Structures are given as C-alpha cells and as structure tokens.
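Numbered from 1 within each chain, the chains take letters A, B, ... in sequence-line order. What you see is a predicted model; the values in this text were computed from it and never measured.
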Number of protein chains: 2
Amino acid sequence: MAQKREDMIAETQAKLIKSARESFAQHGFAESCMDDLTAEAGLTRGALYHHFGGKKGLLKAVIQQIEEEMTTRLSAIKSKGPTTWDAFINGSIAYLNMASEPEIQRIILLDGPAVLGDPSQWPRKNCCISSTQLSIEKLMEEGAIQRVDSLAMARLINGALLGASLWIANTDDPQAASRKAVDSFLVLMSGLLKSNTTFS
Amino acid sequence: MAQKREDMIAETQAKLIKSARESFAQHGFAESCMDDLTAEAGLTRGALYHHFGGKKGLLKAVIQQIEEEMTTRLSAIKSKGPTTWDAFINGSIAYLNMASEPEIQRIILLDGPAVLGDPSQWPRKNCCISSTQLSIEKLMEEGAIQRVDSLAMARLINGALLGASLWIANTDDPQAASRKAVDSFLVLMSGLLKSNTTFS
DNA sequence: TATTTCGCATACGTATTGTATGTCAACTCA
DNA sequence: TGAGTTGACATACAATACGTATGCGAAATA
C-alpha cells in the first residue's frame with residue numbers, strides 16, 4: 001500500500017493493457033468493446049481515454065508491449081547461436097513459431113496492420129525486422145552471404161515467415177506444417193549463400 | 001431499358017460492389033459507413049443486407065472481384081514466359097507490383113485478413129497462392145528445382161512478396177524499393193535451384 | 001491549510017449497425 | 001390476362017459503442 005502516485009498510474013495503465021491484450025486476442029480489435037474491456041480491469045472508459053487517447057492508442061500500447069516481449073525472446077535465442085548464420089536461422093525459426101501463437105497472430109499480424117498500417121511505420125518500429133536486417137548485414141560483412149539490400153531482404157524474409165505463420169496457425173496439423181515450412185525456408189535461405197549458380 | 005429482373009439484380013449488386021470497393025479502398029473497411037456507401041450507389045442499406053447479408057459479406061464480394069481480376073492479370077503474364085521458370089519469376093514480380101497498388105494493398109492485404117482471417121481460408125481461396133503452388137509443382141516435375149512441400153513454399157514466397165509490397169508502398173521511393181525487392185527476391189529464389197551447396 | 005493538479009468516473013449526444021416490417025414491381029399460372 | 005405470389009429493396013426502429021464534455025476527489029505543492 002501507500003504507493004506513490006506514479007506507481008498507481010503505471011498500475012492502471014498496466015491493468016488496461018493487460019485487459020485489452022486479452023480482449024483483443026480473444027475477440028479481435030473491432031469486436032472488442034471498450035466498456036467491457038475497462039470494466040474487466042476494474043476501471044471505466046474515462047481512464048482509457050485519459051491514458052491512451054482512445055481505442056487505437058490502446059492497441060498501440062498493447063502492440064508495443066508484445067513486440068518488446070518478442071524482441072526479448074528473440075535476442076535470447078539469437079545470442080545462443082554459435083555462428084552468425086546459426087543465430088539468424090534459429091532466430092527466424094523462433095519467429096516463425098512465435099508468430100503462430102494465437103495472441104501474436106491476431107494482434108500483431110491481423111489487427112495491427114489493418115488499424116495502424118504497415119508495421120514498419122509503427123512508432124516502435126517492428127523490432128523483428130530490424131533484427132533480421134542486422135543479421136543480414138553482419139552476415140554480409142563476414143562474407144558469408146551475397147551482397148543484397150539488407151532492408152529489402154529483411155522485409156522479404158519477414159514476410160515469408162509471417163505468411164507461413166498464418167498458414168501454420170490455420171492448418172489442421174500445425175506441427176507438420178511447421179516442419180514443412182522450416183524445411184522450405186531453409187531451401188530459400190540457401191539462396192543467400194555465396195557459392196550459387198547464377199541465372200538471368 | 002426493359003431489362004430482365006435478373007439483369008437488374010446483377011446491376012444493383014455490381015453497383016454496391018463498385019461503391020464499396022471505392023469506399024473500402026479510400027477509407028478502409030472500418031471507417032466505411034454503409035449509409036454513405038449505399039447512397040453513393042443510389043441505394044439503401046436494405047439492398048446491401050438483402051444481397052450480401054452485411055458489411056462483411058460485402059467485403060467478401062469485393063475481395064472476390066479483386067482476386068478474380070488479379071488472377072486474370074497474373075495468368076496473362078505467366079502465359080507469356082518462355083520457360084516455366086520465367087513464367088514463375090515474372091508472375092511473382094507482377095504480383096509484387098500489383099500488391100503495391102493502394103486499392104489492393106488496403107483491401108486485400110490489410111482489411112481482408114483482419115476481417116476475414118487467413119486468406120488461405122477464404123471462400124474463393126487466395127488464387128495467387130494456388131498459382132504459385134502450381135508453378136512450383138511444375139518446376140519440380142521438370143526437375144528444375146529442389147523437392148519441397150509445394151504449399152509451404154508457396155506460402156513462404158507469397159508472404160515474402162506481400163511483405164515486400166507493404167514496404168514498397170509505404171516507402172519514400174517506391175520505384176527504387178521495388179527494384180531492390182526484386183533483386184533480393186531473385187537471390188532468394190536462387191535457393192530453389194538444384195545445383196546448390198548444402199548446409200546443415 | 002489553502003490551492004492546484006490531474007487521474008479517473010459520470011453523463012450526454014451521436015453515429016452506425018442489425019433487424020423487423022412494409023411496399024411495389026415483376027414473375028407464375030389458371 | 002389478371003389474380004396471387006415472390007422477392008428486391010426501402011423504411012422504421014432499437015441497441016450498441018463511440019467520443020467529448022464535465023465533475024469529483026485525492027494527491028501534490030506552496
């Protein structure tokens with residue numbers, strides 16, 4: 001008890017974000033009702049408007065929180081790779097699996113882009129893309145892969161993983177689909193490696 | 001004049017779809033008002049509910065129309081490729097450019113998935129994915145590329161193109177971005193070709 | 001302790017949706 | 001051909017959810 005005001009504010013915001021996250025994940029953004037949402041958190045819409053300016057603002061906050069978690073999880077995995085390439089591949093596969101989780105899928109892949117537009121334009125930019133981009137640049141510096149535009153390549157790879165995730169999560173046998181996706185992904189990534197045949 | 005009833009029905013539906021398409025493309029699905037939408041078509045919401053069952057139903061119809069157009073455009077381009085590989089690559093690049101168009105981007109890439117869920121589960125399935133899948137299967141039969149799960153690979157490729165399109169359309173210099181994306185895409189696709197180094 | 005700040009609740013007006021009902025033209029069939 | 005039926009579409013209504021304007025009370029400040 002006897003919390004500072006600052007702490008109480010942070011707590012209400014956290015409660016709202018938590019509640020919103022659950023509601024958005026379960027019902028989707030459009031079907032989520034702000035009255036229910038705030039009531040669940042023991043508050044009213046007044047608090048929501050005060051802190052986040054509206055429904056979209058709340059979504060932004062939720063997305064930021066989720067992305068921070070994803071970034072943490074990803075960098076933990078990436079740091080374990082013995083080589084840059086391994087880190088890159090393992091991170092990609094981890095991303096594939098994370099993006100197959102219902103909450104992330106619904107909020108980050110479906111509602112986020114529709115409401116907030118292209119993820120790369122988000123306030124706290126899509127961290128996962130920058131992470132991929134960094135990996136690519138590092139690999140190029142090391143001479144492990146071909147020279148490409150790192151941002152373009154990162155967006156392609158990210159999109160590929162997202163597309164596969166959407167498929168995996170909505171298929172009858174996600175386990176099997178995931179395996180197939182990883183196999184195919186590795187084939188694609190082999191194109192990055194240097195010793196390749198060229199074609200017109 | 002003196003149209004048959006059937007023709008008039010088709011005409012009202014077409015008018016609604018046309019109007020919805022414009023509205024969805026311009027304001028997005030969520031911000032599109034059905035009253036405005038139908039008034040623009042010289043009708044009321046009554047007609048909309050009668051023919052499409054609601055806002056989502058109208059979106060489905062709009063998406064179907066757009067996808068049919070995309071399929072037509074794509075197959076025209078694909079049929080021109082001298083080899084299966086060329087057809088595949090040209091089709092992919094064409095898809096990349098089509099998906100960068102504002103209308104397609106807004107309706108098919110952003111609102112569609114958010115409202116209707118994973119595109120591969122749509123009524124008239126995402127034709128472009130099946131098209132990609134068919135190309136891959138054909139290339140495998142011809143022995144031109146490695147053996148992979150065609151559906152998984154198609155979804156990866158499709159996702160990659162979509163991700164790149166989103167980026168291209170929202171960047172300062174779409175022209176340059178498009179070129180970079182194509183270059184990087186070709187590098188990735190080279191991974192499909194047979195004579196590749198393997199890696200663990 | 002008087003005053004201000006501001007976190008949050010309450011109250012209100014409005015916009016948009018879905019449904020229930022009504023109407024009139026076009027088709028069916030004797 | 002004309003009475004009956006269907007159904008395409010409009011109108012009317014009720015419910016929901018949103019944004020804003022306002023109010024209150026506790027903490028911060030002096």
Side-chain angles (χ1 to χ4, degrees), chain A residues 1-63 106-107 111-112 114-116, chain B residues 1-63 106-107 111-112 114-116:
Chain A
M1 271 293 156
Q3 293 174 313
K4 274 244 175 112
R5 176 163 250 221
E6 233 173 89
D7 297 329
M8 300 193 61
I9 292 172
E11 196 184 318
T12 35
Q13 289 181 347
K15 278 196 283 189
L16 283 173
I17 291 176
K18 175 179 152 73
S19 183
R21 210 173 140 158
E22 288 168 8
S23 184
F24 292 166
Q26 190 162 14
H27 311 109
F29 178 78
E31 310 300 323
S32 288
C33 170
M34 299 168 83
D35 280 319
D36 300 346
L37 214 176
T38 50
E40 186 71 26
L43 296 159
T44 68
R45 274 185 14 249
L48 197 162
Y49 277 97
H50 184 74
H51 288 294
F52 301 102
K55 210 179 176 186
K56 284 189 186 181
L58 186 54
L59 178 62
K60 279 186 197 172
V62 169
I63 285 179
R106 177 78 250 180
I107 300 178
D111 286 331
V115 178
L116 268 32
Chain B
M1 271 294 154
Q3 293 175 310
K4 273 247 177 109
R5 178 165 244 220
E6 231 173 272
D7 298 330
M8 300 193 64
I9 293 172
E11 194 184 319
T12 31
Q13 290 182 346
K15 278 196 283 191
L16 283 173
I17 291 176
K18 175 180 151 74
S19 184
R21 211 174 140 158
E22 289 168 7
S23 184
F24 293 165
Q26 189 163 15
H27 312 107
F29 178 79
E31 310 299 323
S32 288
C33 171
M34 298 167 84
D35 278 320
D36 300 348
L37 215 177
T38 49
E40 186 71 26
L43 295 159
T44 69
R45 272 184 17 249
L48 196 163
Y49 277 96
H50 183 75
H51 289 293
F52 301 102
K55 210 178 176 185
K56 285 189 185 181
L58 187 55
L59 178 62
K60 280 187 196 172
V62 168
I63 285 179
R106 178 78 248 180
I107 299 178
D111 287 331
V115 178
L116 269 30

**Complete:** From CG of A:Asp36 across to C1' of D:dC18 the rounded distance in Å is 13 Å
**Asked** Taking only residues two or more places apart in sequence or in another chain, which ones pass side chain to side chain contact (heavy atoms under 4.5 Å, CB included) with A:Ala41?
**Response** A:Lys15, A:Leu16, A:Ser19, A:Leu43
**Prompt:** Got a sec, which residues hit side-chain hydrogen bond (donor to acceptor under 3.5 Å, both in side chains) with B:His50, two or more places apart in sequence or on another chain?
**Reply:** none
**Asked** In whole Å, what is the span from the CZ atom of B:Phe29 to the P atom of C:dT17?
**Response** 8 Å
**Request:** Using whole Å, report how far CG of B:Asp7 lies from P of D:dA8.
**Result:** 13 Å
**Message:** Once side chain to side chain donor-acceptor pair (under 3.5 Å) is applied, what residue pairs with a partner in residues 30-39 of chain A remain, sequence neighbours excluded?
**Reply:** A:Ser23-A:Ser32, A:Asp35-A:Arg45
**Prompt:** For B:Val62 and B:Ala20, which heavy atoms make the closest approach, and how far apart are they?
**Reply:** CG2-CB, 3.8 Å
Between N or O atoms, less than 3.5 Å apart, protein on one side and nucleotides 14-16 of chain D on the other: list the pairs.
none

**Request:** Check the distance between D:dT11's P and B:Asp35's CG and give it to me in whole angstrom.
**Result:** 11 Å
**Asked** Does a side-chain heavy-atom distance below 4.5 Å link B:Thr12 with B:Met8?
**Response** no
**Message:** With salt bridge (Lys or Arg N to Asp or Glu O under 4.0 Å) as the rule and sequence neighbours excluded, what pairs involving residues 50-59 of chain B come up?
**Reply:** none
**Asked** Please give, in whole Å, the distance from D:dA8 P to B:Glu11 CD?
**Response** 15 Å
**Request:** Taking all non-hydrogen atoms of both residues into account, name the closest pair between A:Arg21 and A:Ile107 and its distance.
**Result:** O-CD1, 3.7 Å
**Message:** What contact category does A:Ser32 fall into here, base, sugar-phosphate, or nothing, at under 4.0 angstrom with non-hydrogen atoms?
**Reply:** sugar-phosphate
**Request:** Return the value, rounded to whole Å, for the distance between atom CE of B:Met34 and atom P of C:dT19.
**Result:** 10 Å
**Asked** Can you list the residues that meet the salt bridge (charged side-chain N to carboxylate O under 4.0 Å, His left out) rule with A:Glu22, with sequence neighbours excluded?
**Response** A:Lys18
**Prompt:** Could you run down nucleotides 6-11 of chain C 5' to 3' and tag each one B, S or - for protein heavy-atom contact under 4.0 Å?
**Reply:** SBBBB-
**Fill in**
With sequence neighbours left out, the residues meeting salt bridge (charged side-chain N to carboxylate O under 4.0 Å, His left out) with B:Arg106 are B:Asp111
**Request:** Figure out the CG/P separation between B:Leu37 and C:dA15, and round it to whole Å.
**Result:** 18 Å
